[in-house]
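A short write-up of the structure that comes next.
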Amino acid sequence: MAPAAPVVAALGDDLLREVFVRLPTPADLLRAAAACKPFLRAARSAPFLRRFRRRHPSSCPRLLGCILLFPDHRGGKLHLLPISPPSSSSSSAALAANGCGGDFALSFLPGGGWWGRGPATWEQLDCRNGLLLLKNLGSQELAVADPISRRCVSLPAPPAGRAVGYGLFADHGDSSEFRVVCLSRDTATSELRGLFVSSGELTWADVSGVQCQTDLAAGSRARAMQANRSLYWRLDGGERMVAFSTASMEFSVLDLPPDLRELSFDAVDKGEEEDVNVLHLITMRGFRIEVWAGTVDDDGVIAWRRVEKSVRFHKVLTEMINPSVDLYQHELDVIGVAAGVVFLRQWNHLFSIDLETMRLKMLTNKDCAGALIYPYTISWPPSFLNQQDKAPDETGN
C-alpha cells in the first residue's frame with residue numbers, strides 16, 4: 001500500500017485550504033492540523049487563518065468574559081468576570097487568567113502597575129483581542145498591555161495636538177500585532193486628523209484627515225468599534241459616526257439610521273466573505289435585538305436597512321431581576337459584541353445573549369453601575385498554528 005504522505009502532498013496546500021476553510025468548527029481545524037505535517041503546514045498560512053476566522057466569527061476569537069473597571073472609590077481595579085459556567089473549559093481558562101495565569105492588577109506596567117505609588121497612574125482607553133490600550137496620566141505616553149502574558153509595549157505620546165479619541169485595532173490571530181489610532185483635533189481648523197502607530201513601527205505617522213466640526217460622543221458611547229478592518233467612533237448628537245479604514249488609511253463620515261441615533265450599539269463582523277463591504281450594527285430596542293446593515297454607494301452615501309429582529313426579552317428579564325420592578329424605566333444598553341455574544345447592561349445589572357441560541361444570562365449579582373465594561377477575548381488560533389516559520393517542508397518532514 002502506498003504511503004499516505006505522498007498522496008496528501010500531491011493535493012497541494014491550496015486545495016487542502018479550500019477543504020479546511022469549510023470545516024464547521026475551529027476544533028475540527030485543530031484536529032485536522034494535528035493529523036500530519038502537510039496538513040499543519042497548510043493550516044499555518046496567515047491569509048488562510050484570517051479567512052477561516054472571518055467565516056467563524058462566533059468562535060474565533062475565544063471569549064473569556066468581561067473586564068470591569070470600577071471608579072476609584074470602588075477600588076479602581078480591573079476584574080475579569082467569566083462568562084461560562086464553572087464546568088466549561090472557557091471558564092477554566094478565564095479563572096486561570098484571573099489567578100496565577102494572568103495579572104489583571106497590571107503590576108507589570110512601567111511605574112509599578114495601575115496605581116503606581118499613589119493615585120491611579122493609568123487610564124484605560126480601549127480593549128480588544130486580549131490587549132488593553134492605556135494612557136499614563138502623567139507623561140501622556142501610551143501602553144498596550146497583555147494581562148495574560150504579562151507583557152507590555154510602551155508607545156510614545158502622540159505628537160502635539162488635542163487628542164479627542166483613541167482606538168486599538170487588533171487582528172484576532174496574533175495578539176503580538178496591533179495598531180493604535182489617535183484622533184486629534186487640529187486647533188487651527190475644524191479637521192479631525194488620524195495619527196497611526198503599529199507594533200511593527202513604534203513611531204506615530206499623520207496619515208489622513210477629514211473635515212468634521214462635531215466632537216466625538218461623550219462617555220461610554222465614545223469608545224471605538226471595530227469591523228471590516230475599520231474603526232468607528234460615534235459623533236456627538238448621534239446622527240453620524242466617523243470611520244477610519246486601516247486598509248486604505250482614510251477617514252469617512254457616515255450617517256446613522258434615525259432609529260439608532262438615541263440607542264447604544266456596536267459594530268460587528270458577520271463573517272460572510274461577500275459581506276466585507278457591508279457594515280453591520282447590533283442594538284437593543286424595545287427589548288429586542290436588532291441588526292442593521294449599511295452599504296456605501298459610489299458617492300459615499302450609506303443606505304441602511306434592518307435585516308434581523310429577535311424575540312422580545314422583557315418577560316425573562318423581569319423574572320431574572322425582580323417581578324415588582326418596572327423594567328420599562330431602564331432601557332438595555334449594548335456594551336459590546338464579541339465572539340457571537342452581545343453584552344448588555346440595564347441599570348446596575350449585566351447580561352449576555354448568545355446570538356446563535358438567543359439564550360439570555362445574567363452574568364453577576366454585583367452592582368455594575370458606573371463601571372467601564374469591555375468584552376474580553378483571547379486570540380485564536382493557538383500558538384502552534386501561528387508558528388509559520390517552523391512549518392515543515394514539502395515532503396512532510
### Task
Taking ring-ring contact (aromatic ring centres under 6.0 Å, His included) as the test, write out the residues that go with Tyr232, two or more places apart.
none
### Task
Check step by step if side chain to side chain contact (heavy atoms under 4.5 Å, CB included) holds for Ile302 and Thr295.
CA-CA 5 Å; Ile302 189 167; Thr295 306; 5.8 Å; no
### Task
Mark yes when over 12 heavy atoms from residues, nucleotides or ligands other than Gln211 sit less than 6.0 Å from its CD; otherwise mark no.
yes
### Query
Can a salt bridge be assigned to the pair Arg150 and Asp146 using a cut-off of 4.0 Å between side-chain N and carboxylate O?
no
### Query
Does any N or O in the side chain of Ser245 come within less than 3.5 Å of the main-chain N or O of Ser230, such that one atom is a donor and the other an acceptor?
no
### Task
State, with a plain yes or no, whether a side-chain heavy atom of Leu132 is found less than 4.5 Å away from one of Val144.
no
### Chi angles and distances behind the side chain to side chain contact (heavy atoms under 4.5 Å, CB included) call for Asp13, Arg17
CA-CA 6 Å; Asp13 289 348; Arg17 289 168 189 147; 3.7 Å; yes
#### Entry: Smallest separation among heavy atoms of Leu168 and Leu131, with atom names
CD2-O, 3.7 Å
### Task
Determine, for Asp259 against Arg306, whether the closest basic-nitrogen to carboxylate-oxygen distance falls under 4.0 angstrom.
no
### Task
Determine, step by step, whether Phe104 and Tyr376 satisfy the ring pair (Phe, Tyr, Trp, His ring centres under 6.0 Å) criterion, reporting the C-alpha distance in whole Å, the side-chain angles of both residues, the deciding distance to 0.1 Å, and the verdict.
CA-CA 12 Å; Phe104 285 85; Tyr376 190 76; 5.5 Å; yes
### Message
Keeping Glu141 on the side-chain end and Ser154 on the backbone end, is there a donor-acceptor pair under 3.5 Å?
### Response
no
#### Entry: Least distance between heavy atoms, Ala243 atom then Leu254 atom
CB-CD1, 4.2 Å
### Message
Below 30° counts as parallel, above 60° as perpendicular, anything between as tilted: where do the rings of Phe196 and Phe244 land?
### Response
tilted
### Message
If I take atom CG from residue Leu109 and atom SG from residue Cys152, how far apart are they, to the nearest 0.5 angstrom?
### Response
5.0 Å
### Message
Are the side chains of Tyr166 and Lys135 in contact, using a 4.5 Å heavy-atom criterion?
### Response
yes
### Query
Quick one: does Trp204's side chain have a donor or acceptor within less than 3.5 Å of a partner on Pro156's backbone?
yes
### Message
Working to the nearest 0.5 angstrom, can you tell me the gap between Arg179 CZ and Arg128 CZ?
### Response
13.0 Å
### Query
Can you name the closest pair of heavy atoms from Phe39 and Leu16 and give their distance?
CE1-CD2, 3.6 Å
#### Entry: Note, Leu142 side chain near Leu134 side chain (heavy atom, < 4.5 Å)
no
### Query
Taking side chain as C-beta onward, heavy atoms only, is Arg223 less than 4.5 Å from Leu372?
yes
### Query
Distance from Leu363 atom CG to Ser352 atom OG, nearest 0.5 Å?
4.0 Å
### Ser208 to Met249 - nearest heavy-atom pair and separation
OG-O, 3.1 Å
### Query
Roughly how far apart are Glu239 CD and Leu260 CG, rounded to 0.5 Å?
13.0 Å
### Message
Is any side-chain heavy atom of Phe265 closer than 4.5 Å to one of Met284?
### Response
no
### Query
Hey, what do you get for CD1 (Ile335) to CZ (Arg345), rounding to the nearest 0.5 Å?
4.5 Å
### Query
Under 3.5 Å, is there a donor-acceptor pair between the side chain of Asp266 and the main chain of Val337?
yes
### Summary
Note: Glu177 and Ser199 closest approach over all heavy atoms is CA-OG, 3.4 Å
### Message
If you define the side chain from C-beta out and look only at heavy atoms, does anything of Trp122 sit under 4.5 Å from Leu137?
### Response
no
### Cation over ring face, Arg51 and Phe20, 6.0 Å, 45°
no
### Query
For the residue pair Arg234 and Met241, what are the closest heavy atoms and their distance?
CA-CB, 3.9 Å
### Summary
Taken to the nearest 0.5 Å, the spacing of Asp354 CG from Leu360 CG works out to 10.5 Å
### Task
Before giving the answer on side chain to side chain contact (heavy atoms under 4.5 Å, CB included), spell out for Ser198 and Phe178 the whole-Å C-alpha distance, their side-chain angles and the decisive distance to 0.1 Å.
CA-CA 6 Å; Ser198 70; Phe178 61 83; over 6 Å; no
### Task
Report yes if some heavy atom in the side chain of Arg229 is under 4.5 Å from a heavy atom in the side chain of Phe169; otherwise report no.
yes
### Message
Treating Asp215 as the side-chain partner and Leu235 as the backbone partner, does any N or O pair qualify as donor plus acceptor under 3.5 Å?
### Response
no
### Task
Kindly say whether Leu256 contributes a backbone atom to a donor-acceptor pair with the side chain of Arg240 at under 3.5 angstrom?
no
### Message
Do the side chains of Asp206 and Arg193 get close enough for a salt bridge, i.e. N-O under 4.0 angstrom?
### Response
yes
### Message
Apply side chain to side chain contact (heavy atoms under 4.5 Å, CB included) to residues Phe351 and Gln346 and explain how you reach the verdict.
### Response
CA-CA 8 Å; Phe351 302 91; Gln346 185 186 53; 4.2 Å; yes
### Query
Can you find a pair of side-chain heavy atoms, one from Ile289 and one from Thr283, that are under 4.5 Å apart?
no
